[in-house]
Trainee: 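Got a structure for you, written out below as structure tokens; questions coming shortly.
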There are 2 protein chains.
Amino acid sequence: MIKLSKKIEYGILALQYIAIHSDKIISAKEISEQMGIPYEFLSKTLQQLMKKGLIQSQQGIRGGYVLSRKPADLTVKDIIIALEGKSSFLDCFVSSNGLICDRSPNCSIKDPMEKLQFKVMQVFGTTTIAEIATI
Amino acid sequence: MIKLSKKIEYGILALQYIAIHSDKIISAKEISEQMGIPYEFLSKTLQQLMKKGLIQSQQGIRGGYVLSRKPADLTVKDIIIALEGKSSFLDCFVSSNGLICDRSPNCSIKDPMEKLQFKVMQVFGTTTIAEIATI
DNA sequence: AAAAATCGGATTACAATAGTCGGATATTAT
DNA sequence: ATAATATCCGACTATTGTAATCCGATTTTT
């Protein structure tokens, strides 16, 4: 299906929440409770976003997360790549050499699909958290 | 993952094949063999495309499939909708009233995500089989 | 020292995708 | 007519990926 995973959905919700409350540091627990997201799963997602540098963490009591960049510099594409790597429409665009399925390299839809994917990624790449949060 | 399902991938490959060989009627067996797609699975996919009116079938020996419309009038979006219904990025856009998840109707990302989805669907809706087949 | 938070590996549960099987029906060629 | 070849279609199974959970360790503030 053409669908965003829960992980990405939660990631967007969380970053939006952090962006809106950027005056203070936000704990995973607060986001979990306010947004209705399973705590453990959200924690993992935030840790992943932290590893990829989209947010910064503070451990201990009164700890939590803050954005590393301005919401206007944070795109949906960034979140997708941080949480799922260079995901692609078809398997053939994942590997470095572009050869995964049986049809490669003479696949008749490889090139057009690659163009299609580029266009879609362009849409994701030009939608920012700032827009989503309408700060 | 942001990925097209095998069903859609096979659907695009099959329609492209039929479009290129539009001078004759094409059997599922031929497409299966030429494109390396599991026969039974492809058959189901073609039957589904037939039910949705994208192709027409002819039973019996020397039977097979032909396109119902010109390749230039057949978009990737048409194929996606025929094979997966009104698929959407988030669950909330699937139901008629737009209310599925716990956050609805006060979901903070519903509107921006809907716009995002619209843009992406526009990309799929403007890519035709004719382009993919480069007839 | 206790409390509250992040960190992170391992495991489980579930759902969707992908593929298979068996048989029925239709059409054409011989 | 009948055999061959194709679509048609429901039910089933296998596989994979997603989503969620569990448990313990670590960090930091009070």
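First the proteins, then the strands, lettered A, B, ... as listed; each starts at 1.
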Trainee: Using the closest heavy atom to pick a nucleotide of DNA chain C for each, name whichever of A:I26 or B:K7 lands nearer the 5' end.
Mentor: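 Looking at the nearest nucleotide for each, A:I26 comes out on the 5' side.
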
Trainee: B:L46 CG to C:dG19 C1': how many Å, rounded?
Mentor: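 Checked: the CG to C1' distance equals 15 Å.
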
Trainee: For A:R62 and for A:F41, locate the closest nucleotide of DNA chain D by heavy-atom distance; then report the residue assigned to the nucleotide nearer the 5' terminus.
Mentor: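 Whichever sits nearer the 5' end wins; that is A:F41.
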
Trainee: Between the base of D:dT7 and the side chain of B:Q59, is there a donor and acceptor pair under 3.5 angstrom?
Mentor: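 It does, because a donor-acceptor pair links the side chain of B:Q59 to the base of D:dT7 below 3.5 Å.
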
Trainee: Quick one: pull up CD1 in A:I12 and CD1 in A:I129 and give me the separation to the nearest 0.5 Å.
Mentor: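 One finds 6.5 Å between CD1 of A:I12 and CD1 of A:I129.
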
Trainee: Nearest to the side chain of B:A28 - D:dT7, C:dG19, C:dT6?
Mentor: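 Nearest to the side chain of B:A28 among the choices is D:dT7.
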
Trainee: To the nearest Å, how far apart are B:I31 CD1 and D:dT7 P?
Mentor: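 In whole Å, D:dT7 P and B:I31 CD1 are 8 Å from each other.
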
Trainee: Indicate the atoms forming the closest heavy-atom contact of B:A82 with B:K52, along with that distance.
Mentor: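 Closest heavy-atom pair between B:A82 and B:K52: O-NZ, 3.2 Å.
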
Trainee: Rounded to whole Å, how long is the line connecting atom CD1 of A:I55 with atom C1' of C:dC7?
Mentor: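 In whole Å, C:dC7 C1' and A:I55 CD1 are 13 Å from each other.
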
Trainee: Would you indicate whether B:R69, at its atom CZ, is surrounded by more than 12 heavy atoms from other residues, nucleotides or ligands within a distance under 6.0 Å?
Mentor: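 Counting neighbours around CZ of B:R69, more than 12 heavy atoms of other residues, nucleotides or ligands fall under 6.0 Å, so yes.
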
Trainee: What pairs of nitrogen or oxygen atoms, one from the protein and one from nucleotides 9-15 of chain C, lie under 3.5 Å apart?
Mentor:
unit_1, atom_1, unit_2, atom_2, d
C:dG9, O6, A:K44, NZ, 2.6

Trainee: Over how many whole Å does the gap from B:Q47 atom CD to C:dG23 atom C1' extend?
Mentor: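 Nearest whole value for this atom pair: 13 Å.
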
Trainee: Is A:Y39 touching bases, backbone alone, or none of the nucleic acid, heavy atoms closer than 4.0 Å?
Mentor: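 A:Y39: base contact, heavy atoms under 4.0 Å.
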
Trainee: Is B:Y10 near enough to C:dG19 that one of its side-chain N or O atoms lies under 4.0 angstrom from OP1 or OP2?
Mentor: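 Answer is yes, contact under 4.0 Å.
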
Trainee: Without decimals, in angstroms, what is the distance between A:L83 CG and D:dG17 P?
Mentor: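 One finds 17 Å between P of D:dG17 and CG of A:L83, rounded.
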
Trainee: Just the rounded figure in Å: distance from C1' of D:dT2 to CD1 of B:I61.
Mentor: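 Going from B:I61 (CD1) to D:dT2 (C1'), I get 12 Å.
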
Trainee: Quick one: do B:V66 and B:M50 end up in the same hydrophobic cluster if we chain Ile, Leu, Val, Met, Phe, Trp and Tyr together by side-chain heavy atoms under 4.5 Å apart?
Mentor: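 Not linked; separate clusters.
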
Trainee: Could you give the CG-to-C1' distance, from B:L42 to D:dT7, as a whole number of Å?
Mentor: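 So the two atoms are 12 Å apart, to the nearest Å.
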
Trainee: Under 4.0 Å between a side-chain N/O of B:S43 and OP1 or OP2 of D:dC9, yes or no?
Mentor: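 B:S43 to D:dC9 OP1/OP2: no side-chain N or O under 4.0 Å.
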
Trainee: Applying the side chain to side chain contact (heavy atoms under 4.5 Å, CB included) criterion to A:L74, which one of A:T128, A:L67, A:I132 satisfies it?
Mentor: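 Per the side chain to side chain contact (heavy atoms under 4.5 Å, CB included) rule, the option paired with A:L74 is A:L67, out of A:T128, A:L67, A:I132.
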
Trainee: Let's see if you can work this out: which of C:dT20, D:dA20, D:dA4 has an atom nearest to the side-chain heavy atoms of B:P38?
Mentor: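 Selected nucleotide (nearest to the side chain): C:dT20.
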
Trainee: Indicate yes or no: does A:K29 engage A:E33 in a salt bridge with an N to O separation below 4.0 Å.
Mentor: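 Answer for the salt bridge query: yes.
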
Trainee: Judged by atom type as modelled, is there a donor-acceptor pair below 3.5 Å linking the side chain of B:T127 to the main-chain atoms of B:F124?
Mentor: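 Checked: no pair found.
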
Trainee: Is any side-chain nitrogen or oxygen of A:Q48 closer than 4.0 Å to OP1 or OP2 of C:dG8?
Mentor: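 No, outside the criterion.
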
Trainee: Which heavy-atom pair separates A:D78 from A:D73 by the least distance, and what is that distance?
Mentor: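 Taking A:D78 first and A:D73 second, the nearest heavy atoms are OD2-O, 3.7 Å.
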
Trainee: From CD1 of B:I25 over to P of C:dT28, roughly how many Å is that when rounded to an integer?
Mentor: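 For the pair B:I25 CD1 and C:dT28 P, the rounded distance is 9 Å.
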
Trainee: State which of D:dC8, C:dT17, C:dT27 makes the closest approach to the side chain of B:S5.
Mentor: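 Nearest to the side-chain atoms of B:S5, counting from C-beta on, is C:dT17.
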
